[in-house]
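Every chain is numbered from 1, with letters handed out A, B, ... down the list of sequences.
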Number of protein chains: 2
Amino acid sequence: MTQRTSFSHGGLRPGSGRKTGSGRYAEPTEVIRIPQSAVPAVRAWLDSRAEAMGGVTVQPFTSAPSSLPLPLFGARIAAGFPSPADDHLEDSLDLNVHLVQHPAATFFVRVQGDSMTGAGIYHGDLLVVDRARQAKSGEIVIAVINGELTVKRLKIEGERVWLLPENPHYPALEIRDGMELVIWGVVAHAVRSF
Amino acid sequence: MTQRTSFSHGGLRPGSGRKTGSGRYAEPTEVIRIPQSAVPAVRAWLDSRAEAMGGVTVQPFTSAPSSLPLPLFGARIAAGFPSPADDHLEDSLDLNVHLVQHPAATFFVRVQGDSMTGAGIYHGDLLVVDRARQAKSGEIVIAVINGELTVKRLKIEGERVWLLPENPHYPALEIRDGMELVIWGVVAHAVRSF
DNA sequence: TTCTTGATTGACGTAACAATAATCAAGATG
DNA sequence: CATCTTGATTATTGTTACGTCAATCAAGAA
């Protein structure tokens with residue numbers, strides 16, 4: 001090799017390579033295949049585990065339980081969520097297909113107020129409203145009364161019609177002559193978000 | 001091809017291939033690299049969480065979601081008769097987009113029981129469960145306690161963990177040493193049908 | 001003395017691959 | 001007719017291969 005001018009740093013360094021154990025986990029690793037849905041939990045668990053191993057004091061529950069004790073600890077309890085007789089996964093579900101019967105006549109409305117809490121409809125819930133559906137007595141409807149939109153349960157008896165709240169703090173309203181009632185649509189579903 | 005004698009079963013079967021979702025995990029998988037020492041724990045955890053769901057009807061979110069943006073009306077329409085062409089039309093909303101953050105990790109479970117009515121979750125409701133989401137204190141979760149599923153509100157304070165009902169008729173449960181808790185997923189939405 | 005440099009090696013995440021598993025419907029058998 | 005078999009079809013799974021990134025080295029430059 002001919003002479004090198006200046007600006008010739010570097011060069012061979014036998015044995016200079018990265019040292020074993022210098023990686024994130026300081027130990028050998030393995031490649032495994034896991035369900036996509038489990039990836040975040042496993043990663044989080046590894047992260048918290050690495051911190052603990054680093055000698056730093058970490059609260060065991062600082063991170064979410066799903067990243068917790070992958071090892072199980074064992075107890076029992078009954079209650080809460082009895083399972084149906086069916087087993088295993090059924091067919092997949094598409095929300096648009098499952099919740100929308102008449103696409104051209106379906107609209108969403110956000111609930112304001114709490115007059116329907118007895119029916120499990122709360123402030124902020126999203127209502128799926130089907131305008132192609134014929135309203136029947138007992139159904140929850142979007143109604144227009146004297147130009148104002150409201151969510152109520154429709155009651156029809158003979159020629160008499162009511163809009164009933166599902167909260168005792170609100171009055172029932174009977175539709176009388178001279179009152180303009182329009183049933184705008186029928187509430188098919190209510191979606192509450194957490 | 002000349003004539004076939006007997007003993008000629010088999011043959012072409014277009015479309016006969018293995019169905020999607022027929023694997024051990026019934027969902028897509030990913031390959032990740034983890035420390036060798038963590039492999040047994042992760043495998044055990046995957047096994048146990050799969051077992052826990054064995055008797056429950058769970059529906060995965062469709063792998064081919066339809067697109068159906070539908071109009072979202074403003075909550076307060078002061079005057080007139082709302083119609084699709086109205087100015088009051090705030091936005092459009094697609095349920096598959098709006099309600100599903102992690103498609104591959106989203107599953108649906110139907111509620112049985114009434115321990116969570118205080119949170120607006122009633123018997124028969126359809127829960128949208130996000131399994132990729134980290135559970136935090138205060139969130140409603142699907143939890144596995146000794147192979148039994150339950151829907152509860154998770155409470156974490158320091159090192160203590162509880163599963164709380166939202167109905168005074170049911171007891172709160174504190175997770176103690178030796179108890180086996182797995183958070184199967186976080187409840188993102190509840191859908192009530194009318 | 002500190003920083004830079006080209007080279008050396010280990011670590012990591014993903015792609016690629018092959019074997020296995022699940023599914024299909026026509027044909028064979030009892 | 002009911003059940004099993006068959007060859008083909010397709011998804012899943014675990015492992016290996018691969019390329020990029022990261023950590024380390026010591027001579028040279030400032």
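Counting only heavy atoms from C-beta outward, the side chains of B:I34 and A:Y25 never approach each other to under 4.5 Å. Contact check for A:F108 versus A:V128: side-chain heavy atoms found under the 4.5 Å cut-off. Looking at heavy atoms from C-beta onward, B:L126 lies in side-chain contact with A:L93 at the 4.5 angstrom threshold. By the 4.5 Å heavy-atom criterion applied to side chains, A:I142 and B:F73 are not counted as neighbours.
Taking side-chain N and O atoms only, A:R18 has no distance below 4.0 Å to OP1 or OP2 of C:dA7. OP1 or OP2 of C:dG13 has at least one side-chain nitrogen or oxygen of A:R24 nearer than 4.0 Å.
Within the nucleic acid shown, A:P28 has no heavy atom closer than 4.0 Å to any nucleic acid atom.
If you take CD of A:E27 and P of C:dG10, they are 17 Å apart, rounded to a whole angstrom. To the nearest angstrom, P of C:dT14 lies 12 Å from CD of A:Q36. The distance between atom CG of A:L12 and atom P of D:dG28, rounded to the nearest whole Å, is 12 Å.
Here C:dG13 is the nucleotide among C:dT23, C:dA15, C:dG13 with the atom lying nearest to any side-chain atom of B:R33. Among the nucleotides C:dA11, C:dC12, D:dT15, the one closest to any side-chain atom of A:S22 is C:dA11. When distances run from any side-chain atom of A:K19 to the nucleotides D:dA8, D:dT13, D:dT24, the shortest one goes to D:dT24.
In terms of position on DNA chain C, the residue among B:I34 and B:S16 whose nearest nucleotide sits closer to the 5' end is B:I34. Residues B:T20 and B:R13 both approach DNA chain D. Their nearest nucleotides, taken by heavy-atom distance, put B:R13 toward the 5′ side. Each of A:I32 and A:G17 lies near DNA chain D, and the nucleotide nearest A:I32 is the one positioned closer to the 5' end.
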